[in-house]
Amino acid sequence: MLQDDIYRIYAKLKLYYYRRIFRKLDSREEDALTAIETFCAEAIYGLGRPNVTQFAEFVNVSQPNAAYKISSLEKKGYIRRIKSPEDGRIVLLEVTEKFLSLYGSSERYAKVLAERIRERFSPEDVEKFEHILEVISTELMQEVNDYLINEANLPEENAIARSRSSAS
(Lines give C-alpha, C1' and ligand atoms only; values in the text may rest on other atoms or scores of the structure.)
Protein backbone atom coordinates (compact mmCIF):
# COMPACT_ATOMS: atom_id res chain seq x y z
CA MET A 1 0.00 0.00 0.00
CA LEU A 2 2.72 2.52 0.92
CA GLN A 3 4.63 1.71 -2.28
CA ASP A 4 1.47 2.23 -4.33
CA ASP A 5 0.69 5.51 -2.57
CA ILE A 6 4.20 6.85 -3.21
CA TYR A 7 4.02 5.85 -6.86
CA ARG A 8 0.53 7.34 -7.32
CA ILE A 9 1.65 10.69 -5.90
CA TYR A 10 4.77 10.68 -8.10
CA ALA A 11 2.78 9.71 -11.21
CA LYS A 12 0.09 12.34 -10.62
CA LEU A 13 2.63 15.12 -10.16
CA LYS A 14 4.60 14.01 -13.19
CA LEU A 15 1.50 13.72 -15.40
CA TYR A 16 0.20 17.10 -14.19
CA TYR A 17 3.50 18.70 -15.14
CA TYR A 18 3.65 16.96 -18.52
CA ARG A 19 0.08 17.95 -19.35
CA ARG A 20 0.82 21.59 -18.51
CA ILE A 21 3.95 21.50 -20.65
CA PHE A 22 2.36 19.70 -23.60
CA ARG A 23 -0.51 22.20 -23.64
CA LYS A 24 2.14 24.81 -24.29
CA LEU A 25 3.80 22.66 -26.99
CA ASP A 26 0.63 22.79 -29.10
CA SER A 27 1.27 26.43 -29.77
CA ARG A 28 2.22 27.47 -33.28
CA GLU A 29 4.14 30.43 -31.92
CA GLU A 30 7.77 31.01 -32.87
CA ASP A 31 8.91 30.58 -29.30
CA ALA A 32 7.02 27.34 -28.62
CA LEU A 33 9.21 24.66 -27.07
CA THR A 34 9.62 21.13 -28.37
CA ALA A 35 9.46 18.32 -25.83
CA ILE A 36 13.25 17.91 -25.99
CA GLU A 37 13.80 21.63 -25.49
CA THR A 38 11.47 21.55 -22.49
CA PHE A 39 13.44 18.74 -20.88
CA CYS A 40 16.74 20.51 -21.66
CA ALA A 41 15.53 23.76 -20.07
CA GLU A 42 14.28 21.81 -17.07
CA ALA A 43 17.69 20.12 -16.78
CA ILE A 44 19.40 23.52 -16.84
CA TYR A 45 17.04 24.73 -14.12
CA GLY A 46 17.59 21.59 -12.04
CA LEU A 47 21.37 21.80 -12.41
CA GLY A 48 21.36 25.28 -10.95
CA ARG A 49 23.30 27.40 -13.48
CA PRO A 50 25.53 24.79 -15.11
CA ASN A 51 28.24 25.60 -17.59
CA VAL A 52 27.93 24.18 -21.12
CA THR A 53 30.13 21.17 -20.34
CA GLN A 54 28.10 20.25 -17.25
CA PHE A 55 24.88 20.51 -19.25
CA ALA A 56 26.28 18.41 -22.13
CA GLU A 57 27.49 15.74 -19.72
CA PHE A 58 24.20 15.67 -17.84
CA VAL A 59 22.05 15.21 -20.95
CA ASN A 60 24.67 12.90 -22.44
CA VAL A 61 25.23 14.78 -25.70
CA SER A 62 28.28 16.14 -27.48
CA GLN A 63 29.40 19.74 -26.96
CA PRO A 64 28.21 20.77 -30.45
CA ASN A 65 24.82 19.14 -29.88
CA ALA A 66 24.55 20.86 -26.48
CA ALA A 67 25.50 24.19 -28.08
CA TYR A 68 22.74 23.73 -30.68
CA LYS A 69 20.13 23.01 -27.99
CA ILE A 70 21.33 25.96 -25.91
CA SER A 71 21.22 28.34 -28.89
CA SER A 72 17.68 27.29 -29.71
CA LEU A 73 16.52 27.79 -26.11
CA GLU A 74 18.32 31.11 -25.93
CA LYS A 75 16.83 32.32 -29.23
CA LYS A 76 13.35 31.50 -27.93
CA GLY A 77 14.05 33.36 -24.69
CA TYR A 78 13.89 30.46 -22.22
CA ILE A 79 17.53 30.53 -21.12
CA ARG A 80 20.39 33.00 -21.12
CA ARG A 81 24.14 32.78 -20.93
CA ILE A 82 25.86 34.68 -18.14
CA LYS A 83 29.49 35.06 -17.16
CA SER A 84 30.56 33.30 -14.00
CA PRO A 85 31.06 35.79 -11.17
CA GLU A 86 34.07 33.75 -10.00
CA ASP A 87 35.72 33.31 -13.40
CA GLY A 88 34.59 35.57 -16.23
CA ARG A 89 35.90 33.12 -18.83
CA ILE A 90 33.27 30.56 -17.85
CA VAL A 91 29.78 30.88 -19.31
CA LEU A 92 26.90 29.69 -17.14
CA LEU A 93 23.40 28.87 -18.26
CA GLU A 94 20.31 29.98 -16.42
CA VAL A 95 16.62 29.89 -17.16
CA THR A 96 14.70 33.11 -17.69
CA GLU A 97 11.47 34.36 -16.18
CA LYS A 98 9.79 33.16 -19.36
CA PHE A 99 10.75 29.57 -18.54
CA LEU A 100 9.88 30.00 -14.87
CA SER A 101 6.38 31.16 -15.77
CA LEU A 102 5.93 27.93 -17.73
CA TYR A 103 7.66 25.71 -15.18
CA GLY A 104 6.26 27.54 -12.19
CA SER A 105 2.93 25.74 -12.32
CA SER A 106 4.59 22.76 -10.63
CA GLU A 107 6.14 24.90 -7.93
CA ARG A 108 2.88 26.76 -7.42
CA TYR A 109 1.04 23.45 -7.05
CA ALA A 110 3.60 22.27 -4.47
CA LYS A 111 2.83 25.44 -2.51
CA VAL A 112 -0.93 24.81 -2.77
CA LEU A 113 -0.47 21.20 -1.66
CA ALA A 114 1.72 22.24 1.29
CA GLU A 115 -0.93 24.74 2.39
CA ARG A 116 -3.65 22.09 2.15
CA ILE A 117 -1.55 19.76 4.27
CA ARG A 118 -1.12 22.51 6.89
CA GLU A 119 -4.88 23.14 6.90
CA ARG A 120 -5.85 19.46 7.09
CA PHE A 121 -3.35 18.18 9.67
CA SER A 122 -2.19 19.31 13.07
CA PRO A 123 1.06 21.28 13.38
CA GLU A 124 2.61 18.24 15.07
CA ASP A 125 1.60 15.98 12.17
CA VAL A 126 2.93 18.49 9.63
CA GLU A 127 6.23 18.72 11.51
CA LYS A 128 6.49 14.93 11.61
CA PHE A 129 5.63 14.71 7.89
CA GLU A 130 8.29 17.34 7.07
CA HIS A 131 10.80 15.30 9.04
CA ILE A 132 9.81 12.10 7.20
CA LEU A 133 10.16 13.81 3.82
CA GLU A 134 13.56 15.22 4.84
CA VAL A 135 14.77 11.74 5.81
CA ILE A 136 13.41 10.27 2.58
CA SER A 137 15.13 12.93 0.47
CA THR A 138 18.49 12.94 2.22
CA GLU A 139 18.91 9.42 3.60
CA LEU A 140 16.51 6.91 2.07
CA MET A 141 17.10 8.06 -1.50
CA GLN A 142 20.85 7.84 -1.12
CA GLU A 143 21.42 5.86 -4.33
CA VAL A 144 19.47 8.49 -6.29
CA ASN A 145 21.43 11.30 -4.61
CA ASP A 146 24.70 9.45 -5.28
CA TYR A 147 23.73 8.89 -8.91
CA LEU A 148 22.80 12.54 -9.44
CA ILE A 149 26.02 13.76 -7.86
CA ASN A 150 28.50 11.11 -9.04
CA GLU A 151 27.11 9.90 -12.37
CA ALA A 152 25.05 12.84 -13.60
CA ASN A 153 27.50 15.42 -12.23
CA LEU A 154 24.82 17.37 -10.39
CA PRO A 155 26.58 19.78 -8.05
CA GLU A 156 26.23 18.59 -4.45
CA GLU A 157 25.08 22.02 -3.35
CA ASN A 158 22.19 21.83 -5.83
CA ALA A 159 18.78 22.02 -4.15
CA ILE A 160 17.69 18.72 -5.69
CA ALA A 161 20.78 16.87 -4.46
CA ARG A 162 20.39 18.12 -0.92
CA SER A 163 17.47 18.77 1.35
CA ARG A 164 14.96 21.29 0.03
CA SER A 165 13.82 22.17 3.55
CA SER A 166 16.04 25.22 3.59
CA ALA A 167 14.55 26.32 0.26
CA SER A 168 10.91 26.18 1.40
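Quick note: residue numbers are just sequence positions, from 1. Reckoned from all heavy atoms, side chains included, excluding hydrogens, waters and symmetry mates.
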side-chain hydrogen bond (donor to acceptor under 3.5 Å, both in side chains) partners for Asp5, two or more places apart: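 If we apply the side-chain hydrogen bond (donor to acceptor under 3.5 Å, both in side chains) test to Asp5, skipping adjacent residues, the hits are Arg8.
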
Going by side chain to side chain contact (heavy atoms under 4.5 Å, CB included), name the residues that satisfy it together with Val59, two or more places apart in sequence or in a different chain.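 With neighbours one apart ignored, the set is Ala43, Phe55, Val61.
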
Between [X] and [Y], what is the shortest heavy-atom contact and its length?
{"X": "Ala66", "Y": "Ala56", "answer": "CB-CB, 3.6 Å"}
{"X": "Leu33", "Y": "Leu73", "answer": "CD2-CD2, 3.5 Å"}
{"X": "Gln63", "Y": "Thr53", "answer": "NE2-OG1, 3.0 Å"}
{"X": "Ile36", "Y": "Lys69", "answer": "CG2-NZ, 3.9 Å"}
{"X": "Glu94", "Y": "Arg49", "answer": "OE1-NE, 3.1 Å"}

Distance from [X] atom [atom1] to [Y] atom [atom2], nearest 0.5 Å?
{"X": "Asp125", "Y": "Arg118", "atom1": "CG", "atom2": "CZ", "answer": "13.5 Å"}
{"X": "Leu113", "Y": "Ile117", "atom1": "CG", "atom2": "CD1", "answer": "4.5 Å"}
{"X": "Arg81", "Y": "Ile90", "atom1": "CZ", "atom2": "CD1", "answer": "15.0 Å"}
{"X": "Tyr109", "Y": "Leu13", "atom1": "OH", "atom2": "CG", "answer": "7.0 Å"}
{"X": "Ile132", "Y": "Glu127", "atom1": "CD1", "atom2": "CD", "answer": "11.5 Å"}

Go through the steps to decide whether Phe129 and Phe121 satisfy the test ring-ring contact (aromatic ring centres under 6.0 Å, His included), and finish with yes or no. CA-CA 10 Å; Phe129 186 58; Phe121 298 99; 7.6 Å; no

Going only through I, L, V, M, F, W and Y residues with side-chain contacts under 4.5 Å, is there a path from [X] to [Y]?
{"X": "Ile82", "Y": "Leu100", "result": "no"}
{"X": "Ile70", "Y": "Val91", "result": "no"}
{"X": "Phe39", "Y": "Phe99", "result": "yes"}
{"X": "Leu92", "Y": "Tyr45", "result": "no"}
{"X": "Val144", "Y": "Leu140", "result": "yes"}

Between the side chain of [X] and the main-chain N/O of [Y], is any donor-acceptor distance below 3.5 Å?
{"X": "Glu115", "Y": "Val112", "value": "no"}
{"X": "Ser137", "Y": "Glu134", "value": "no"}
{"X": "Asn51", "Y": "Leu93", "value": "no"}
{"X": "Thr96", "Y": "Gly77", "value": "yes"}

Are Glu37 and Lys76 close enough, and set up right, to give a salt bridge (charged side-chain N to carboxylate O under 4.0 Å, His left out), and what steps lead you there? CA-CA 10 Å; Glu37 288 171 335; Lys76 293 179 180 185; 2.7 Å; yes

In terms of heavy-atom contacts, does [atom1] of [X] have more than 12 from other residues, nucleotides or ligands at under 6.0 Å?
{"X": "Glu143", "atom1": "CD", "value": "yes"}
{"X": "Asp4", "atom1": "CG", "value": "yes"}
{"X": "Lys75", "atom1": "NZ", "value": "no"}
{"X": "Gln142", "atom1": "CD", "value": "yes"}

Apply ring-ring contact (aromatic ring centres under 6.0 Å, His included) to Tyr68 and list each qualifying residue two or more places apart in sequence or on a separate chain.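 Once residues adjacent in sequence are excluded, Tyr68 has no partner under the ring-ring contact (aromatic ring centres under 6.0 Å, His included) criterion.
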
